[in-house]
Amino acid sequence: MLGWRLLVSVILIPLLFGLFYLDQRAGTSAPYLYGLCCLIIFRGCWELTQLLTVRNLKPGYAIVSLLSLLICSLAWLPYFSDSDAGSAQESSLALMSVGFSISILLIFLKGAIRFQEPGQSMENIGAEILSVSYLGFLLAILAELRWVAGPETGYLALGSLIISAKMGDIGGYTFGRLWGKKKLVPRLSPGKTWVGGFGAIFGAALGSLLWFQFTPALFNPLWSGSSWLWTILFGAIIGLVGLVGDLCESLIKRDVGKKDSAELLPGFGGLLDLLDSPLYAGPVAFVLWKLLPLITVVAATGN
């Protein structure tokens, strides 16, 4: 199973970055990335609403998926215009927040219209707000990394999150299977160990170091990686936060009595099992890109 997980990761990550390459060539509006986010929303919302359909919970797939799509689409609107990149992201974040607020209002309105008797409305409202927050708002924040470092070079930022988070997943799984003994949170995730947790941080830090060492100039000839200290710090933080994100998704699954969110890929589970660490770490990565000097601009020389 360890070899299978590594093989699938080696296949999926290049495919994802191939899509990013096509999207970069398609312009700053990122149409391929938008399409990918829409697919993730429709599939992910199905998985999450199916998971949460238990006990008194009956979240509606239609409203969850449509409102998640609304949040993501509103966030994209400024990028479909030719406005300045800096002001476009400010507008995007504002529209995203408005979309999330409207989503909460509509979920409550739906609950009020359909109310029949006590004992179910609050459960459904809570499940639907959780689903929209997880697959609408967090996914939209993750996608904002596409523009955080500028419209032409944003995939350097988005790639740094994906590489760090998935290298953290691989490191955690590998270290845990090979050397892990003491359980990290046995009641929540019996397979995770303390050694696996350190492996996740190590793997993410290594992935971040290599990413910033070799790729910045591919996005912009005047860019180079920053100090190894900042890149390792970035990766270590993403690895730690991604591990927490994995545990939080495990919280959802364990509370509803499921091992995987779905059976999409053997050894990986469902789409939510693949996205748990990047989704959770996305907002943190966005803040780190704003705070840390992760790239260095090399002065151009002329004759």
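Given the structure is predicted, the values throughout are model-derived calculations rather than measurements. We're numbering straight along the sequence, starting at 1.
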With side chain to side chain contact (heavy atoms under 4.5 Å, CB included) as the test, would you mind laying out the steps for Ile63 and Leu66 before giving the verdict?
CA-CA 5 Å; Ile63 189 170; Leu66 290 176; over 6 Å; no
Decide yes or no for [X] and [Y]: does some side-chain heavy atom of the first lie under 4.5 Å from some side-chain heavy atom of the second?
{"X": "Trp223", "Y": "Leu218", "result": "no"}
{"X": "Lys258", "Y": "Ile252", "result": "no"}
{"X": "Leu138", "Y": "Pro283", "result": "yes"}
{"X": "Leu142", "Y": "Leu275", "result": "no"}
{"X": "Ile141", "Y": "Leu93", "result": "yes"}
{"X": "Ile162", "Y": "Leu158", "result": "yes"}

With rounding to the nearest 0.5 Å, note down the distance linking [atom1] in [X] to [atom2] in [Y].
{"X": "Glu249", "Y": "Leu279", "atom1": "CD", "atom2": "CG", "answer": "9.5 Å"}
{"X": "Ile41", "Y": "Leu67", "atom1": "CD1", "atom2": "CG", "answer": "10.5 Å"}
{"X": "Ile170", "Y": "Ile163", "atom1": "CD1", "atom2": "CD1", "answer": "8.5 Å"}
{"X": "Leu135", "Y": "Arg43", "atom1": "CG", "atom2": "CZ", "answer": "11.5 Å"}
{"X": "Leu229", "Y": "Leu292", "atom1": "CG", "atom2": "CG", "answer": "9.0 Å"}
{"X": "Phe137", "Y": "Met96", "atom1": "CZ", "atom2": "CE", "answer": "6.0 Å"}

Please check if [X] and [Y] belong to a single hydrophobic cluster, counting links between Ile, Leu, Val, Met, Phe, Trp and Tyr side chain heavy atoms closer than 4.5 Å.
{"X": "Leu139", "Y": "Leu69", "result": "yes"}
{"X": "Leu51", "Y": "Leu251", "result": "no"}
{"X": "Phe108", "Y": "Leu130", "result": "yes"}
{"X": "Leu36", "Y": "Leu22", "result": "yes"}
{"X": "Leu106", "Y": "Ile113", "result": "yes"}

To check you understand the geometry: which heavy-atom pair defines the closest contact between [X] and [Y], and what is its length?
{"X": "Phe42", "Y": "Ser65", "value": "CD2-CB, 4.0 Å"}
{"X": "Pro31", "Y": "Asp23", "value": "N-OD1, 3.2 Å"}
{"X": "Gln89", "Y": "Tyr79", "value": "CA-OH, 3.2 Å"}
{"X": "Leu70", "Y": "Ser103", "value": "CD2-OG, 4.4 Å"}
{"X": "Gly111", "Y": "Ser121", "value": "O-OG, 4.4 Å"}
{"X": "Leu33", "Y": "Ala143", "value": "CD2-O, 4.3 Å"}

Side-chain donor-acceptor pair present, [X], [Y], cut-off under 3.5 Å:
{"X": "Trp147", "Y": "Ser92", "result": "no"}
{"X": "Tyr34", "Y": "Ser73", "result": "yes"}
{"X": "Tyr61", "Y": "Glu47", "result": "no"}

Inspect the contact between Asp255 and Arg55 and indicate whether a charged nitrogen and a carboxylate oxygen are less than 4.0 angstrom apart.
yes
Please determine if Glu128 and Lys110 form a salt bridge, counting it only when a charged side-chain N lies under 4.0 Å from a carboxylate O.
yes
Does the [X] side chain pair with the main chain of [Y], one donor and one acceptor, at a distance under 3.5 Å?
{"X": "Lys290", "Y": "Ala285", "answer": "no"}
{"X": "Asp276", "Y": "Gly245", "answer": "no"}
{"X": "Ser226", "Y": "Pro293", "answer": "yes"}

Distance-only check: which donor-acceptor pairs under 3.5 Å involve side-chain atoms of residues 186-212, not counting sequence neighbours?
unit_1	atom_1	unit_2	atom_2	d
Ser189	OG	Lys192	NZ	3.3
Lys192	NZ	Asp246	OD1	3.4
Lys192	NZ	Asp246	OD2	3.2
Thr193	OG1	Gly196	N	3.0
Trp194	NE1	Lys183	O	3.4
Ser208	OG	Thr231	O	2.6
Trp211	NE1	Leu156	O	3.0

Leu52 and Leu48: CA distance, side-chain angles, deciding distance, side chain to side chain contact (heavy atoms under 4.5 Å, CB included) verdict
CA-CA 6 Å; Leu52 296 177; Leu48 191 51; 4.1 Å; yes
Evaluation steps, side chain to side chain contact (heavy atoms under 4.5 Å, CB included), between Phe100 and Ser133:
CA-CA 8 Å; Phe100 183 58; Ser133 302; 3.3 Å; yes
Residues, nucleotides or ligands: over 12 heavy atoms within 6.0 Å of Trp179 CH2:
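Counting neighbours around CH2 of Trp179, more than 12 heavy atoms of other residues, nucleotides or ligands fall under 6.0 Å, so yes.
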Return the orientation label for the Trp289 and Phe234 ring planes: parallel under 30°, perpendicular over 60°, tilted otherwise.
perpendicular
